[in-house]
Amino acid sequence: MTINSIGFISLLVINGMISGCSAFVYKQDTKNSTDEPQNESNSQNVAVNGNSGRENVPDIEVGVFFMPSWNVSGNDKQDIDSFWPCLQGRENCSFLTDKRSWGPNGRIYNASYPYEGPFLEKKPVKELKGFYKRDDPEVARKQLDYMHEYGIDFIAYNWFFGRHYYYHKNFAPQAQLYYPENWPIDTKRDGRVQVPGLEEWNDQLEVLLQENAKRPEGKQLKFALNWCDDSDDRWIQWLRMASPQNINSRTNYPGETPDKQLYLKVHDKITLLWIDKYFQRKDYLKDDSGRPVVYMYFPHDTEARASYYGIGLDDLLQRSQDLAREAGLPGIKFIAVTSGAMTASLKPYALPTTWKPLDAKQPWQGGKYTNRMLFQDYVPRLKGLGFEGMTAYIYHDFYEQNNKSYSDMRKTYQGHWDKWSAFFKKDADFDYQIPVAMGWDRRPAGGTWPQQSGFPSEPLKDKVVSDKSSFKAKITAAKEVLVENQPSNGNTLMVCCWNEYLEGNHIEPTEGHGFDYLEVIRALFKTD
């Protein structure tokens, strides 16, 4: 057997040391911006009424982002969950020892930067079996029960794809991995695929969909994919396929070259996987015309990397549209999940649109992300790129307004809601799906944001913690904005997140907050 590219699929999880889909890096605050001043809003004074909030409820769809966990051991026989060890202590938390993020000594704790865990209040409630196994069907059934009972209509599952992985269709453990029908394989190398790439961290999605299919149709949740193509490490591993190191180690073979043609074939493979495996399902989220909805997290990352080949993001999305129509679908509705810096002083950390290698002959050695755009300059381009909507995973700031408390976060979000609702008000063909978040606290994964010194760069941002009352005030204000702008915004509210435990952003019932956040959603949005 020539099984030398990945050994076995458990190795896939080693390369993605990220705590969640949101991995945007900000630097210290600035008070000297020359950019547009932030909009003032009176919506911070919205009172939370004593009634249930159900009166005159419009037809609003509530979606929630779902972050998968994964095995960080690299061994399929020893499953160390990426979430739970970091909540129980620092000894076995893999994120704290990640040298790429924290430097050679990992995350350092001292008197100035003390360890503040463990974070046992984040343990899921006993009905969910506490620190549960991610592929436990009983847990998945209970999660779906809670979502349906408390007024959540669909899940946007953070979906990852390792584009550089070659596998072997004649090797039994890999035979069932998706590969488009009649695409070429190398029969001399155990059916090694000629176009690499496979799903990562999708075991939770598999069990959720299996259990969802068993529910009565009227109680099934819809689901959509939130494509997270956001890791620079993944990009470098893709480019490394042509490196002498990979060829010499036989991780790759001559001819397995990450050129433009192969990049486009991998993109087609991703789209065909969506079509064949997910879009045909009755429980996949579709718009009124029957088009499946795909969320795309941080599209500027994909745009920047595609630019290396002279490919536009609009070209990629059009290829997907064409493949969907060839398969008999009316197309795909792409929604951008995006945010970013808005002050001129932070432009070095703004949204890049191009990537250039440091050495054109050895691109796997790394490169620079360039042509960075402030968020308010990037957003107007979205429609031309092929998107028909926009939402956000997390807003960390709005111009000079930064999140250092949940009160700050409410102001930040209100600024974005007002700005983008007004911006898209005359465009009924582009949805602004109003986002809300229950907070931000990255301390379980070491803090915001990691530096090579071993310390977080903005630890004050790890204090964005809500309670039932403050969350209700925020989501009530969000509902008012959505109702007021429904003809142009559409009818979708996006909640982050069901289970972003390492970023302190989770509405799943826990021992600390119980069902508080779900009760707020049910009171405001569930009509039956």
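- The aromatic rings of His416 and Phe398 sit perpendicular, their planes meeting at an angle over 60°, well past the 30° parallel limit.
- For Tyr284 and Tyr278, the ring centers are positioned 6.0 Å apart or more.
- Here Tyr517 and Tyr150 keep their ring centres 6.0 angstrom or further from each other.
- Taking the six-membered ring wherever Trp is involved, the centroid distance between the rings of Trp159 and Trp201 does not fall below 6.0 Å.
- Side chain of Ser101 to main chain of Asp98: no donor-acceptor pair is present (N/O by atom type, distance under 3.5 Å, no hydrogens or angles).
- With ring centers used as reference points, Trp420 lies under 6.0 Å from Phe375.
- Counting heavy-atom neighbours within 6.0 Å of Lys133 NZ, excluding the residue itself, gives a total of 12 or less.
- Ring-centre distance between Tyr132 and Trp84: below the 6.0 Å cut-off.
- Considering Trp274, Tyr157, Tyr297 in turn, Trp274 is the only one that fulfils the ring pair (Phe, Tyr, Trp, His ring centres under 6.0 Å) rule with Trp227.
- Shown here are the disulfide (SG to SG under 2.5 Å) partners of Cys497, two or more places apart in sequence or in another chain: there are none.
- Ring geometry, Trp449 versus His396: the interplanar angle exceeds 60°, so the pair is classed perpendicular (tilted spans 30 to 60°).
- Shown here is Glu217, whose CD atom has no more than 12 heavy atoms of other residues, nucleotides or ligands within 6.0 Å.
- The side-chain heavy atoms of Phe471 and Tyr406, taken from C-beta on, include a pair separated by under 4.5 Å.
- Not one N or O on the side chain of His506 forms a donor-acceptor pair closer than 3.5 Å with the backbone of Trp498.
- Residues Asp233 and Ser231 have side chains that never bring a donor and an acceptor to within less than 3.5 angstrom of each other.
- Between Tyr393 and Phe65, the distance from one ring center to the other falls under 6.0 angstrom.
- Residues forming a side chain to side chain donor-acceptor pair (under 3.5 Å) with Asp268 (at least two apart in sequence, or on another chain): Arg319.
- Under the 3.5 Å distance criterion, the side-chain polar atoms of Asn491 are matched with a main-chain donor or acceptor of Asp59.
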